[in-house]
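Throughout, a chain's letter reflects where its sequence line sits, starting with A, and its residues are numbered from 1. This structure is a prediction, so every number in the text was calculated from the model and none was measured.
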Protein chains: 2
Amino acid sequence: MAYRPAEQIIHKAAWLYYTHGLRQDEVAQRLNISRASVALYLRKAREAGIVNISTSTHLFSGERLARQMEDAFGLETVWLVGEDALSPSPASEIPTLAANVFLEMVENGNQVCVAWGRTVYDIADAMSYADREGVTVVEMCGNLGSPYAYRPDQCTMEIARRLNAKGLNFYAPLVLSTEELARALREEPVIREQLDGISACDMALFTVGALDADSHVIKCGALSLEELERLKTMGATGVIAGQIITADGTLLDCDYNRRMISADFDAIRAIPRRLMVVQEDEKFEPLQAAIAGRFFTHLVTTSSMATKLLKHHTASEPTPA
Amino acid sequence: MAYRPAEQIIHKAAWLYYTHGLRQDEVAQRLNISRASVALYLRKAREAGIVNISTSTHLFSGERLARQMEDAFGLETVWLVGEDALSPSPASEIPTLAANVFLEMVENGNQVCVAWGRTVYDIADAMSYADREGVTVVEMCGNLGSPYAYRPDQCTMEIARRLNAKGLNFYAPLVLSTEELARALREEPVIREQLDGISACDMALFTVGALDADSHVIKCGALSLEELERLKTMGATGVIAGQIITADGTLLDCDYNRRMISADFDAIRAIPRRLMVVQEDEKFEPLQAAIAGRFFTHLVTTSSMATKLLKHHTASEPTPA
DNA sequence: CATGGTGATTGACAAAAGTCAATTCGTCGC
DNA sequence: GCGACGAATTGACTTTTGTCAATCACCATG
């Protein structure tokens with residue numbers, strides 16, 4: 001890692017430029033280097049997280065719709081991305097926002113727990129570098145081959161890298177072939193420890209997965225299409241940390257779930273701040289299920305999703321308690 | 001407050017520019033305004049704390065000398081400013097650094113407690129704007145006329161303003177003319193409440209004051225020169241939150257201290273993170289006293305001060321425990 | 001309905017920052 | 001000791017950003 005041009009001079013340049021507000025040529029003069037070098041160092045400082053530039057995410061949580069969501073579902077904060085073409089590439093807006101919200105939520109010394117999924121990968125990609133101290137990033141559940149850019153473990157590590165944090169991977173697959181093996185593995189000290197550590201986390205980052213032909217669990221072969229259909233008739237509605245949940249947000253009682261190595265739902269709910277991020281509008285039912293299961297306290301999603309959720313909510317519960 | 005050009009467009013411009021990395025002309029195009037406006041909005045966004053640019057203070061805490069200080073005095077983190085002309089104006093380096101460290105230490109939702117003194121004023125001045133949530137800034141002790149730019153209460157309010165926080169002032173003078181009055185006032189509910197609230201703070205920011213002809217307490221007439229001389233013969237060494245301490249860091253048993261409305265030392269020590277900032281090299285003995293009294297856990301000062309403190313420390317205690 | 005004033009907005013210019021090919025520096029192998 | 005290689009640095013050029021006086025839009029007032 002360590003840059004040849006003694007990390008320290010980069011730091012000094014960044015301090016003079018950003019904190020004292022000198023111009024690049026003044027910094028150059030003071031440090032006896034060329035202005036071009038200053039420009040280079042400053043870029044490195046930004047990339048290394050020595051300098052942190054963050055924009056308040058209030059813009060997205062300040063709307064009335066967001067407030068209504070918070071009230072309706074008892075959430076702490078909700079951030080909504082409108083369809084109003086603010087972003088240069090609409091698809092990237094949710095991950096970008098989520099990355100910013102995440103960084104805003106993580107404090108020094110925190111232990112954070114991340115699940116994986118396409119959305120989480122995108123968030124990791126959009127996340128800028130920060131120079132945190134004493135942060136640990138732990139994986140929330142076992143691993144799986146990924147059809148996307150990162151593998152789950154790489155994803156954890158990538159987030160850890162951006163935060164200058166320690167990354168802790170799960171040394172187990174997500175799904176095993178037999179219940180017995182899963183049970184035995186869960187009792188392995190190294191796995192047990194990680195599972196137990198989850199409830200001690202300060203915050204969590206995760207998505208709810210959908211259950212259709214091209215959802216993650218299917219694509220990487222953890223579940224066959226036939227099995228999926230069978231589970232759906234049993235009430236399968238969404239996926240939380242690999243585990244299948246029903247419409248009321250409880251664990252579906254099935255063989256598949258029993259063969260899984262993942263965070264216990266009570267452990268997840270013991271984490272004080274839990275950020276859920278949903279970008280696809282098709283995840284309406286899964287998200288509803290996740291709300292029913294009180295899986296999260298903070299939410300990043302689209303305005304249209306929020307509108308849909310509220311409409312359905314007030315319809316089913318016309319008089320608020 | 002609220003700017004005419006709907007705060008929101010400033011936010012959007014900042015988001016597109018800083019988070020998405022568009023150029024100003026691209027932002028202008030997307031928002032249908034001139035580039036000049038974008039430049040203007042961006043400045044406002046920075047000034048309003050919508051955008052936060054911070055530089056890691058690691059540069060100042062990374063040296064060996066800082067480590068030695070931490071070890072020698074059991075401090076959590078020590079930041080040192082060298083005499084090596086890094087800063088454009090050496091005198092401003094301590095307050096600037098302290099302001100940055102302070103911002104780094106304050107977390108959303110925190111209650112912070114600030115004392116006052118010239119150094120604290122300078123820190124308030126050097127502090128950049130930030131958009132924190134749920135932060136409360138409370139005054140640590142009663143008020144006094146100030147010979148400097150801000151009055152103590154303004155100073156609290158100024159820091160609160162920069163953090164977008166709520167400021168809570170002490171509605172009492174620092175020193176009263178009689179013990180009885182001080183005692184009575186301390187029992188007033190509104191004062192009692194504030195005094196009790198201090199130990200519930202998450203962090204504190206303060207200085208140690210020196211006791212000489214041009215120190216704060218003298219300049220604003222709280223103490224006469226003769227009285228000061230008398231107290232010095234009794235062991236007066238420094239000032240913490242208005243109160244006079246002896247070389248071993250305990251409250252000097254004197255009339256002056258008894259006439260004071262200020263935070264109880266145990267209440268101060270109950271605050272988990274306490275940042276002490278000392279810029280003047282003449283404050284050697286007062287700082288030593290403050291160390292003896294375990295008043296702080298984090299320290300910002302000069303390298304030369306650190307050297308002096310360490311020399312004296314190892315001299316008096318050659319074998320570490 | 002003109003009028004003055006306030007504050008936002010912009011066009012045009014100046015200043016500052018970004019970039020990159022060319023150069024220098026340091027180091028290693030021979 | 002010498003050449004050769006890669007990394008760091010820089011000078012010179014281009015692009016981007018900051019600034020400010022001039023203009024425009026809006027509103028309250030006579």
Check your understanding: Do E47(B) and K44(B) sit within salt-bridge range, that is, some charged N less than 4.0 Å from a carboxylate O?
Key ->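 Salt bridge: no.
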
Exercise for review: State, yes or no, whether a side-chain contact exists between S56(A) and V51(B) at a heavy-atom distance under 4.5 Å.
Suggested key: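 No, every pair of side-chain atoms sits at 4.5 Å or beyond.
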
Review point. Are any non-hydrogen side-chain atoms of D25(B) and V27(B) less than 4.5 angstrom apart?
Key: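 No, side chains not in contact.
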
Point to revise | Between C1' of dA8(C) and CD1 of I9(B), the distance in whole Å | key: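 The distance from CD1 of I9(B) to C1' of dA8(C) comes to 11 Å, rounded to the nearest Å.
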
Review point. For Q24(B) and dA17(C), what is the distance between atoms CD and P respectively, to the nearest whole Å?
Key: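 After rounding, the gap between these two atoms is 12 Å.
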
Review point. Are the side chain of N100(B) and the backbone of T96(B) linked by a donor-acceptor contact shorter than 3.5 Å?
Key: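 At least one qualifying donor-acceptor pair exists.
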
Point to revise | Between dG18(C) (C1') and R23(A) (CZ): distance, integer Å | key: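 To the nearest whole Å, that distance equals 16 Å.
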
Point to revise | d(CG, D25(B); P, dG18(D)) in whole Å | key: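 After rounding, the reported distance stands at 12 Å.
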
Exercise for review: Output all residues satisfying side-chain contact (heavy atoms from CB on, under 4.5 Å) with S304(A), sequence neighbours left out; order by chain, then residue number.
Suggested key: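 Testing S304(A) for side-chain contact (heavy atoms from CB on, under 4.5 Å), a comparison that skips the adjacent residues, returns E83(A), D281(A), T302(A).
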
Review point. With sequence neighbours excluded, what pairs up with D202(A) under the salt bridge (charged side-chain N to carboxylate O under 4.0 Å, His left out) test?
Key: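 Result, salt bridge (charged side-chain N to carboxylate O under 4.0 Å, His left out) vs D202(A): none returned.
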
Review point. Quick one: I10(A) CD1 to dA8(D) C1', roughly how many Å, whole number?
Key: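 Spelled out: CD1 on I10(A) to C1' on dA8(D) is 11 Å.
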
Practice item. Could you state the atom-to-atom distance from NZ of K44(B) to P of dG18(D) in whole Å? Key: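 Distance check: K44(B) NZ to dG18(D) P gives 15 Å.
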
Under 3.5 Å between N/O atoms: give me all the protein pairs with nucleotides 10-12 of chain C, atom names plus distance.
| residue | atom | partner | partner atom | Å |
| --- | --- | --- | --- | --- |
| dT10(C) | OP2 | S34(B) | N | 2.8 |
| dT10(C) | OP2 | S34(B) | OG | 2.9 |
| dT10(C) | OP2 | S37(B) | OG | 2.8 |
| dT10(C) | O5' | S34(B) | OG | 3.4 |

